[in-house]
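Please read these numbers as outputs of a predicted model, since none were measured by experiment.
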Amino acid sequence: MDLSVLPRRTADELDAMRDAGRVVAQTLQVVRAAAVPGVKLRELDDLAQTAIREAGATSSFLGYKPAWAPTAYNGALCLSPNEVVVHGRPSGQRLKEGDLLSVDCGAIVDGWHGDAAITVRVGAGSEDDARLVAATEEALAAGIAAAVPGATLQDVAQAVDAVARRHGYAHLPDHGGHGIGRSMHEPPFVPNRPQAGLDRVRLHAGSTLAIEPMLLAGGERYRHKKDGWAVVTADGRRAAHVEHTVAVTDEGPVVLTAP
């Protein structure tokens with residue numbers, strides 16, 4: 001893997017990415033507060049679009065069409081309830097008491113992207129869901145802590161994977177994080193479990209990554225919904241997804257999408 005895929009961001013560029021990350025964090029706070037029983041997924045997306053626009057930013061997701069997608073994306077958020085792991089699209093579906101909702105958001109400020117995700121328990125929720133979300137957040141924290149100068153992508157993947165294994169959860173086998181900067185998705189792919197070759201990709205001060213564990217309560221098999229976007233667990237068990245945009249610095253990892 002070509003190490004040139006890890007550009008060194010300057011201090012000014014990291015400040016610009018922090019501006020984008022702040023918009024993402026604020027938008028996710030708005031959506032978290034509004035994710036209550038009875039609200040429609042489309043209504044949450046409308047709130048996000050308004051928050052992003054009023055912050056002077058634009059959505060990374062709205063209109064996005066990667067090569068594998070059958071259609072351009074129709075919202076500012078990925079809204080993935082219960083057995084939907086990632087890429088659930090805004091719709092007229094109403095949240096119910098006890099639902100588990102993953103919310104992914106991206107924003108652009110002055111050409112720089114921020115990308116983050118949270119998983120929200122709707123209403124009281126269950127203890128099983130609470131444990132799943134806590135483990136996913138712990139895995140994210142471990143991956144972030146491993147993102148230091150001189151470390152490799154293998155170190156990040158091993159840190160995330162160790163938490164998932166300790167708690168008995170599975171990963172999506174071929175989904176993970178990514179580089180980020182002028183584009184939302186840049187090389188390299190950042191897996192959530194060790195893979196051959198990752199130890200050759202070394203991090204350095206100025207590297208920027210989106211680290212995003214996706215933990216599954218059941219097995220790792222999945223399918224796509226008919227819309228070609230939503231990824232759903234094959235066994236119908238629930239999933240959680242969290243993410244931060246992170247800068248590698250000489251002082252340690254800096255979360256650019258923190259509130």
May I ask you to say whether [X] pairs ionically with [Y], meaning some side-chain N is under 4.0 Å from a carboxylate O?
X	Y	result
Asp227	Arg89	yes
Arg18	Glu13	no
Asp45	Arg42	no

Using modelled atom types only, decide if a donor and an acceptor are shared between the side chain of [X] and the backbone of [Y] within a distance under 3.5 Å.
X	Y	result
Glu97	Ala124	yes
Thr119	Ser102	no
Gln26	Val23	no
His171	Asn192	yes
Trp229	Thr71	yes
Glu186	Arg182	yes
Thr136	His241	no

Please report the shortest heavy-atom distance between [X] and [Y], naming the atom on each side.
X	Y	value
Ala72	Gly63	CB-O, 3.7 Å
Pro191	Phe189	CD-O, 3.3 Å
Ala76	Ala48	CB-CB, 4.5 Å
Arg94	Gly38	NH1-O, 2.7 Å
Ala151	Ala146	CB-O, 3.3 Å
Asp235	Gly219	OD2-N, 2.8 Å

Check the hydrophobic clustering (I, L, V, M, F, W, Y; side-chain heavy atoms under 4.5 Å; chains of links allowed) and say if [X] and [Y] are grouped together.
X	Y	answer
Leu215	Val86	no
Ile118	Leu44	yes
Val242	Val156	yes
Val122	Leu28	yes
Leu198	Val190	yes

Does any part of the side chain of [Y], heavy atoms only, come nearer than 4.5 Å to the side chain of [X], both counted from C-beta?
X	Y	value
Val254	Val248	no
Pro81	Gln93	yes
Glu212	Asp104	yes
Lys65	Tyr73	no
His185	Ile180	no
Glu54	Ile52	no
Trp112	Arg9	yes
Thr152	Val201	no

Say you draw a straight line from [atom1] of [X] to [atom2] of [Y]; how long is it, rounded to the nearest 0.5 Å?
X	Y	atom1	atom2	value
Gln154	Arg202	CD	CZ	11.5 Å
Cys78	Phe61	SG	CZ	5.0 Å
Asp128	Leu100	CG	CG	11.0 Å
Thr27	Leu77	OG1	CG	8.0 Å
Ser60	Met184	OG	CE	5.5 Å
Thr249	His204	OG1	NE2	13.0 Å

Those residues that, when tested against Ile144, pass side-chain contact (heavy atoms from CB on, under 4.5 Å) (two or more places apart): Leu140, Ile211, His244, Val246, Pro253, Val255
Over 12 foreign heavy atoms within 6.0 Å of [atom1], [X]:
X	atom1	result
Lys226	NZ	no
Arg165	CZ	no
Asp15	CG	yes

Report the residues that fulfil ring pair (Phe, Tyr, Trp, His ring centres under 6.0 Å) with Tyr222, sequence neighbours left out, ordered by chain and then residue number. His175, His224
With sequence neighbours excluded, tell me which residues meet ring pair (Phe, Tyr, Trp, His ring centres under 6.0 Å) with His87. Trp68
Decide salt bridge (charged side-chain N to carboxylate O under 4.0 Å, His left out) for Arg238 and Asp129; before the verdict, give the C-alpha distance in whole Å, the side-chain angles of both, and the deciding distance to 0.1 Å. CA-CA 8 Å; Arg238 291 188 168 190; Asp129 286 347; 2.5 Å; yes
Check the pair Asp155, Gln158 against side chain to side chain contact (heavy atoms under 4.5 Å, CB included), reporting the backbone distance first and the verdict last. CA-CA 5 Å; Asp155 295 319; Gln158 287 174 337; 4.1 Å; yes
Verify whether one side chain among Thr245 and Thr257 offers a donor that lies under 3.5 Å from an acceptor in the other. no
CA sep, side-chain torsions, deciding dist, call: Glu220, Arg193, salt bridge (charged side-chain N to carboxylate O under 4.0 Å, His left out): CA-CA 12 Å; Glu220 68 177 27; Arg193 61 185 182 189; 2.9 Å; yes
